[in-house]
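So you know, we letter chains A, B, ... as the sequences are listed, proteins then strands, and number each from 1. If you're wondering where the values come from, they're calculated on a predicted model, not measured in any experiment.
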There are 4 protein chains.
Amino acid sequence: MKLKKILNKEQKKKWESLKREVLETNRALPKKGLVIETFGNASGILRFKKISLVVIKPSGVDYDSLKVEDLVTVGIDGKKLDGNLLPSVDTPHHLYIYRNLKQIGGIVHTHSLYATTWACTGRPIPVYNTTHADKFGGEIPCAPYADNRDNHIGKGIIKYRKKEVPAILLEKHGAFIFGTNAKKAIETASELEFVAKIALHYLLLCQVLNRSPKEMSKREATLWRKRHLPGGGYGQT
Amino acid sequence: MKLKKILNKEQKKKWESLKREVLETNRALPKKGLVIETFGNASGILRFKKISLVVIKPSGVDYDSLKVEDLVTVGIDGKKLDGNLLPSVDTPHHLYIYRNLKQIGGIVHTHSLYATTWACTGRPIPVYNTTHADKFGGEIPCAPYADNRDNHIGKGIIKYRKKEVPAILLEKHGAFIFGTNAKKAIETASELEFVAKIALHYLLLCQVLNRSPKEMSKREATLWRKRHLPGGGYGQT
Amino acid sequence: MKLKKILNKEQKKKWESLKREVLETNRALPKKGLVIETFGNASGILRFKKISLVVIKPSGVDYDSLKVEDLVTVGIDGKKLDGNLLPSVDTPHHLYIYRNLKQIGGIVHTHSLYATTWACTGRPIPVYNTTHADKFGGEIPCAPYADNRDNHIGKGIIKYRKKEVPAILLEKHGAFIFGTNAKKAIETASELEFVAKIALHYLLLCQVLNRSPKEMSKREATLWRKRHLPGGGYGQT
Amino acid sequence: MKLKKILNKEQKKKWESLKREVLETNRALPKKGLVIETFGNASGILRFKKISLVVIKPSGVDYDSLKVEDLVTVGIDGKKLDGNLLPSVDTPHHLYIYRNLKQIGGIVHTHSLYATTWACTGRPIPVYNTTHADKFGGEIPCAPYADNRDNHIGKGIIKYRKKEVPAILLEKHGAFIFGTNAKKAIETASELEFVAKIALHYLLLCQVLNRSPKEMSKREATLWRKRHLPGGGYGQT
């Protein structure tokens with residue numbers, strides 16, 4: 001493989017480590033209840049000086065049977081650099097996001113049930129509780145419907161995402177979730193699904209209790225969010 | 001066994017292979033959350049020149065305890081060719097479909113929860129999202145109520161199915177799902193249940209948000225579907 | 001133990017066999033999603049000429065840690081015949097049913113989620129689909145609220161049950177399910193929960209589709225039910 | 001470690017035992033479906049004459065990888081006494097409750113789905129069935145929204161809890177559940193989630209059946225509750 005010659009020892013190590021992480025993240029998708037059959041994928045990126053490596057799931061392959069050697073490595077331009085299988089059909093969207101959001105190291109794409117239910121409406125998910133505030137800090141936006149051609153999906157994501165919110169819904173489609181790495185992105189994907197499920201059930205409960213839904217104020221949401229940001233006090237760092 | 005004498009070596013191999021696939025598919029039904037107790041069954045067919053073999057689940061047997069020798073092999077006319085147990089009471093419906101849809105190699109029948117909930121209404125499931133479009137390409141039809149006598153169910157399925165859609169609901173009953181083989185049919189059964197669940201929750205969410213549900217246009221649905229058809233770009237072939 | 005002296009060899013064997021079945025049935029309650037914590041119990045009865053033995057779960061013991069020696073054996077009058085633990089607080093209701101329904105060999109009591117949701121309304125579950133018809137043949141009745149004193153619960157069950165229906169809801173409480181043995185009763189308990197869940201979701205879907213719910217006719221329900229009764233064609237006997 | 005010198009042999013044994021119980025309780029949170037990712041925590045307290053030891057989950061650590069040595073032990077004043085990791089950010093709330101409710105030995109905090117859905121409304125969960133009555137004896141109160149600063153949350157819990165009810169919702173946040181020990185508290189947390197889920201579904205069912213929801217009378221609820229209190233007849237003591 002050409003790529004093995006281009007990379008130095010340390011870079012090869014990082015690449016192997018990224019492949020293991022992307023493998024584990026893809027395999028975690030059904031375990032976390034975020035996908036059925038083959039509806040979802042995870043990727044990660046290494047940004048070296050001379051080359052960027054994006055490791056992503058192959059198209060249409062079962063999560064349970066997925067092995068590290070099945071993963072596909074492509075360049076930031078989409079050129080295949082390593083792997084015998086065809087990459088996910090969503091690879092262009094992942095790449096478009098990586099090219100436009102330099103701070104991101106991992107992406108998860110799901111059609112998870114409640115996130116997709118919200119996505120069908122084309123509406124954002126408002127902040128109704130502290131779990132939502134902790135992890136997203138504000139409403140989760142929804143990009144208008146885009147078909148699967150060219151960079152329509154990637155462009156919609158970049159245009160409609162909110163800078164501080166690590167996830168976006170795609171109208172009538174599903175969700176893209178970002179993180180500093182793939183592991184972080186799948187945690188957020190799981191939290192998105194949870195928040196989407198609570199939000200729907202909250203609205204149903206408001207209806208039967210004949211109460212108007214109430215959103216959390218931006219001020220309060222920010223207060224909770226701050227604690228979950230690096231250095232904010234949550235976690236071990 | 002008579003059948004063992006009729007088949008040549010290669011045909012026997014294919015028959016053994018089909019039995020393993022039908023066994024695995026039936027055993028996967030509860031694991032995929034598509035059945036409780038014994039409410040569902042899967043079959044597969046081998047169409048040889050002189051004889052067709054349909055392998056199907058025995059009636060009322062638990063999935064977990066099912067063994068390959070419990071499976072029943074019948075001819076396309078329903079005559080039992082192999083096996084000590086009685087075949088599923090739904091065998092006539094499977095056979096009727098195999099006789100009328102020559103391109104089909106596997107069938108799954110379920111009373112899965114959300115598919116059956118839609119079936120209770122007698123209404124088709126409209127296309128509300130790309131997951132639905134990817135896998136079904138159009139609304140999932142519902143055959144009018146039929147009792148369990150003669151070929152009432154089989155006839156309704158053939159009459160009301162839509163040519164390009166690999167699943168059909170049966171009013172007040174459940175669903176039949178077709179595929180090129182049993183494994184493919186159960187994947188579609190799982191996707192049907194998922195799509196039925198999202199569709200119900202989407203309508204509930206529309207109600208509480210006071211919005212009208214919007215279907216995807218036929219043109220857009222076809223675009224997504226095409227990619228998932230053989231040669232369309234999805235998967236490894 | 002006195003009981004070991006009273007029973008002959010064959011009776012002892014049957015008793016041991018019953019204890020294993022009651023153990024397995026109780027342990028299956030959480031696995032089938034029919035109970036949380038310790039909310040549910042199963043029993044079985046042996047009706048010998050001189051004595052009847054009812055084997056039942058001990059009160060408040062976790063299902064996972066339950067062992068055969070933890071089970072309690074009582075007489076049809078409630079007198080403890082074997083076991084070191086206290087029997088379920090619901091033992092009097094089980095006994096009352098066994099005394100009044102001689103054909104029954106096993107009972108399961110649950111507070112399973114959707115059965116209990118229906119029970120909260122005090123309303124029967126109408127027949128909306130073939131799964132319901134197959135297993136219950138008609139609407140599942142609901143006994144009016146009764147407190148936990150004396151034989152109030154048992155009396156309500158006997159008074160309001162429908163002869164041909166193997167389950168009854170208890171208003172604001174849960175369900176009792178009967179069978180020829182405990183294994184059969186828990187299968188029916190699982191089917192009751194499934195049918196209760198579909199019925200609720202069907203009504204929700206009717207509401208959002210602005211359609212009136214439609215029950216299956218008694219004639220049709222009976223047709224499906226007949227096939228599931230012994231000798232009706234379903235299963236292996 | 002200083003603490004090992006302060007405690008006598010018997011106290012050390014109790015401390016080790018508490019750590020094991022708090023470990024098991026935290027690890028049980030995802031298994032019981034009460035948390036996703038790291039949204040929840042459990043603690044226990046030992047009240048010795050000269051010192052009280054509160055053992056609690058470290059902040060932001062996965063439940064599955066949690067080991068006994070990861071747990072943090074703090075004094076009733078919040079001073080860290082043992083452990084290398086940072087304690088849960090919710091530690092001040094646990095401590096505030098322990099200081100004010102001397103009879104309590106364990107606390108569980110969750111954002112479980114249906115409890116949080118109710119919490120979003122700011123409304124208590126009324127008593128609709130015997131499961132609720134058995135375990136809570138009356139409606140489950142909801143403390144008004146409080147931010148995460150100082151003792152706002154602890155104070156709200158102490159002010160709005162109902163003396164005889166072992167759980168309280170926090171508006172737009174989640175729930176705190178108390179027990180004589182951590183194991184008992186998590187059982188109650190699981191029962192709270194179950195009761196919250198039934199209550200929501202009951203209200204939805206009432207709506208589609210066009211019936212008014214009916215609460216259980218205080219008199220009846222107390223009757224069921226009494227049986228579940230120590231000495232009331234339920235369980236083995």
* Step through the shown structure and confirm whether more than 12 heavy atoms of other residues, nucleotides or ligands are within 6.0 Å of NZ on C:Lys32. => yes
* Roughly how far, to the nearest 0.5 Å, is the CH2 atom of C:Trp224 from the CG atom of B:Asn148? -> 4.5 Å
* To do: Compare every heavy atom of C:Tyr234 with every heavy atom of B:Ser59, then report the nearest pair and how far apart it is.
  => OG-C, 3.7 Å
* **chain C interface, residue from B:Gly122, B:Gly60, B:Cys120 that has the most non-hydrogen pairs under 4.5 Å** => B:Cys120
* **Check: C:Ser190 main-chain N/O paired with B:Glu37 side-chain donor or acceptor under 3.5 Å** => no
* Structure fact -> Assert top hit (heavy-atom pairs under 4.5 Å, partner chain B, pool C:Met216, C:Lys214, C:Arg227, C:Glu187) equals C:Arg227
* Asked: So which part of B:Leu86 gets closer than 4.5 Å to some heavy atom of chain C, the side chain, the backbone, both or neither?
  -> both
* Do B:Tyr114 and C:Leu205 touch side chain to side chain, with heavy atoms closer than 4.5 Å? -> no
* Asked: Counting heavy atoms not belonging to C:Lys13, are there more than 12 under 6.0 Å from its NZ?
  -> no
* From C:Leu209 atom CG to B:Leu200 atom CG, the distance as rounded to the nearest 0.5 Å -> 8.5 Å
* Criterion side-chain contact (heavy atoms from CB on, under 4.5 Å) on C:Ile198 and B:His111, from CA distance to verdict -> CA-CA 10 Å; C:Ile198 293 188; B:His111 298 193; 6.0 Å; no
* Asked: Which atoms of C:Lys135 come close to chain B, meaning under 4.5 Å heavy atom to heavy atom: side chain ones, backbone ones, both, or neither?
  -> side chain
* Asked: Do C:Thr131 and B:His173 have side-chain heavy atoms sitting under 4.5 Å apart?
  -> no
* Name the region of B:Thr38, side chain, backbone, both or neither, that has any atom closer than 4.5 Å to a heavy atom of chain C. => both
* Structure fact -> Greatest number of non-hydrogen atom pairs under 4.5 angstrom with chain B, of C:Gly233, C:Ala133, C:Pro213, C:Gly235, falls to C:Gly235
* Asked: So B:Lys172 and C:Glu220, side-chain contact (heavy atoms from CB on, under 4.5 Å) or not? Walk me through it.
  -> CA-CA 11 Å; B:Lys172 298 186 177 304; C:Glu220 285 300 312; over 6 Å; no
* **Side chain C:Gln236, main chain B:Val61, donor-acceptor under 3.5 Å** => no
* Asked: Given the rule in the side-chain contact (heavy atoms from CB on, under 4.5 Å) test, do C:Asp134 and B:Phe39 qualify, once you have shown the distances and angles that lead to the verdict?
  -> CA-CA 10 Å; C:Asp134 284 341; B:Phe39 275 105; 3.4 Å; yes
* Going through the distances and angles, do C:His201 and B:Trp118 end up as a side-chain contact (heavy atoms from CB on, under 4.5 Å)? -> CA-CA 9 Å; C:His201 284 85; B:Trp118 275 94; over 6 Å; no
* Asked: Which bit of C:Leu203 is near chain B, if near means a heavy-atom gap under 4.5 Å: side chain, backbone, both or neither?
  -> neither
* Asked: Is it the side chain or the backbone of B:Asp90 that comes within 4.5 Å of chain C heavy atoms, both, or neither?
  -> side chain
* Asked: Do B:Leu113 and C:Lys197 come within less than 4.5 Å of each other through their side chains, counting heavy atoms only?
  -> yes
* To do: Hey, could you give me the CD1/CD distance between B:Ile36 and C:Glu191, rounded to the nearest 0.5 Å?
  => 5.0 Å
